[in-house]
Amino acid sequence: IYSTGTANISSTNFVNNFVDLDAGAVYLGGSSKLTSNIFTSNTAYQNGGAVYISALPSKKTAVNINKNNFYQNTANNGGAVYADKGKIGINSSNFGSTTMLGNTATGDSGKGGAIYVADTAVEDDYVNDNVTTLKSNKFAQNTATDGGALYNAGTVALVKNTFGLTDKAKNTYINAATNGGAVYNDGKLTDSGSTIAYNTAEKGGALYNNGVITSYNKKNVLTGGLNSTKINYNSADMGGGIYNSNILATSKASFTGNI
């Protein structure tokens with residue numbers, strides 16, 4: 001599906017679709033909703049193995065992705081989803097509630113095994129509104145060079161996501177990358193209450209930060225950046241939990257068993 005208008009897509013399966021350029025299964029160029037769909041083994045040779053988003057500027061959320069499942073999709077960048085522009089909400093999906101499992105950024109310097117969020121600051125008049133919000137999603141077995149699950153070059157707000165899963169038999173399902181086993185931040189990022197566990201990388205088992213991770217209250221007082229984030233049992237050669245090369249703040253976060 002290539003849509004430049006309004007699209008509402010629900011309870012639909014996308015399997016084994018392929019494209020030479022961007023958007024292996026769905027291109028969204030306007031205000032859209034994806035609800036309770038399943039994307040499996042879709043491929044884009046460039047960006048967005050399953051979904052490519054380039055929504056028109058808007059002060060309202062342009063694209064909502066709710067309760068979808070993304071399995072084993074591949075692209076050079078953004079194995080499952082490539083978010084180019086627009087105010088975007090991805091909620092309760094599986095990548096996980098959305099669930100994102102086993103997606104891959106395959107390029108030699110592939111970024112964002114599950115999701116790639118681009119920097120739109122230069123070209124978008126509504127850049128201050130262009131926050132991609134990821135809430136209550138699950139990410140496991142995603143891989144890339146940078147950001148096993150998520151690569152951010154734009155502005156992202158994380159809320160109660162889970163990066164890395166365990167089952168009842170205590171098997172672990174990790175995200176992995178060279179840099180940032182779960183998350184690579186090259187833009188602006190905040191988190192509230194996410195759990196990042198059992199991920200692995202050479203640098204930054206849970207998170208590699210080359211951008212800014214801070215948050216401020218209405219009085220412009222620094223209140224954190226990673227807020228109540230749990231970073232547990234991740235591993236790396238350098239920075240089992242976090243590798244930071246720029247600006248990072250935490251508040252009420254916890255680090256357990258990282259090596």
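What's counted below: heavy atoms across the whole structure, side chains too, no hydrogens, waters or symmetry copies.
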Peer 1: Can you name the side-chain hydrogen bond (donor to acceptor under 3.5 Å, both in side chains) partners of T74, sequence neighbours left out?
Peer 2: T43

Peer 1: Kindly write out the residues that satisfy ring-ring contact (aromatic ring centres under 6.0 Å, His included) with Y243, not counting sequence neighbours, or none if the list is empty.
Peer 2: Y208

Peer 1: Is I65 reachable from I9 through a run of I, L, V, M, F, W or Y residues, each pair having side-chain heavy atoms under 4.5 Å apart?
Peer 2: yes

Peer 1: What I want to check is whether the side chains of S215 and T223 have a donor and an acceptor closer together than 3.5 Å.
Peer 2: yes

Peer 1: Flag the pair F14 / V51 as yes when at least one side-chain heavy-atom distance between them is below 4.5 Å, and no otherwise.
Peer 2: no

Peer 1: I'd like to know if Y27 and V63 are part of one continuous hydrophobic network [Ile/Leu/Val/Met/Phe/Trp/Tyr, side-chain heavy atoms within less than 4.5 Å].
Peer 2: no

Peer 1: Please name all residues satisfying side-chain hydrogen bond (donor to acceptor under 3.5 Å, both in side chains) with N199, sequence neighbours left out, ordered by chain then number.
Peer 2: N175, N234

Peer 1: Please list, chain by chain and in numerical order, all residues satisfying side chain to side chain contact (heavy atoms under 4.5 Å, CB included) with D237, sequence neighbours excluded.
Peer 2: E202

Peer 1: Residues two or more places apart in sequence or in another chain: which of them pass side-chain hydrogen bond (donor to acceptor under 3.5 Å, both in side chains) with S41?
Peer 2: none

Peer 1: Please list all pairs passing the side-chain hydrogen bond (donor to acceptor under 3.5 Å, both in side chains) test where one or both residues lie in residues 6-21, with sequence neighbours left out.
Peer 2: N17-N42

Peer 1: Please enumerate all residues that pass ring-ring contact (aromatic ring centres under 6.0 Å, His included) together with Y173, with sequence neighbours excluded.
Peer 2: none

Peer 1: What residues, two or more places apart in sequence or in another chain, satisfy ring-ring contact (aromatic ring centres under 6.0 Å, His included) together with Y216?
Peer 2: none

Peer 1: Filter on salt bridge (Lys or Arg N to Asp or Glu O under 4.0 Å), then keep only pairs touching residues 140-156, sequence neighbours left out; what's left?
Peer 2: K111-D146

Peer 1: With sequence neighbours left out, write down each residue that passes side chain to side chain contact (heavy atoms under 4.5 Å, CB included) with S251, or none if nothing qualifies.
Peer 2: N227

Peer 1: Which atom names give the shortest non-hydrogen contact between G110 and A105, and what distance separates them?
Peer 2: C-CB, 3.8 Å

Peer 1: Once ring-ring contact (aromatic ring centres under 6.0 Å, His included) is applied, do any residues pair with Y45, and if so which ones, sequence neighbours excluded?
Peer 2: F18

Peer 1: For D186, which residues count as a side-chain hydrogen bond (donor to acceptor under 3.5 Å, both in side chains) partner, sequence neighbours excluded?
Peer 2: Y151, N210

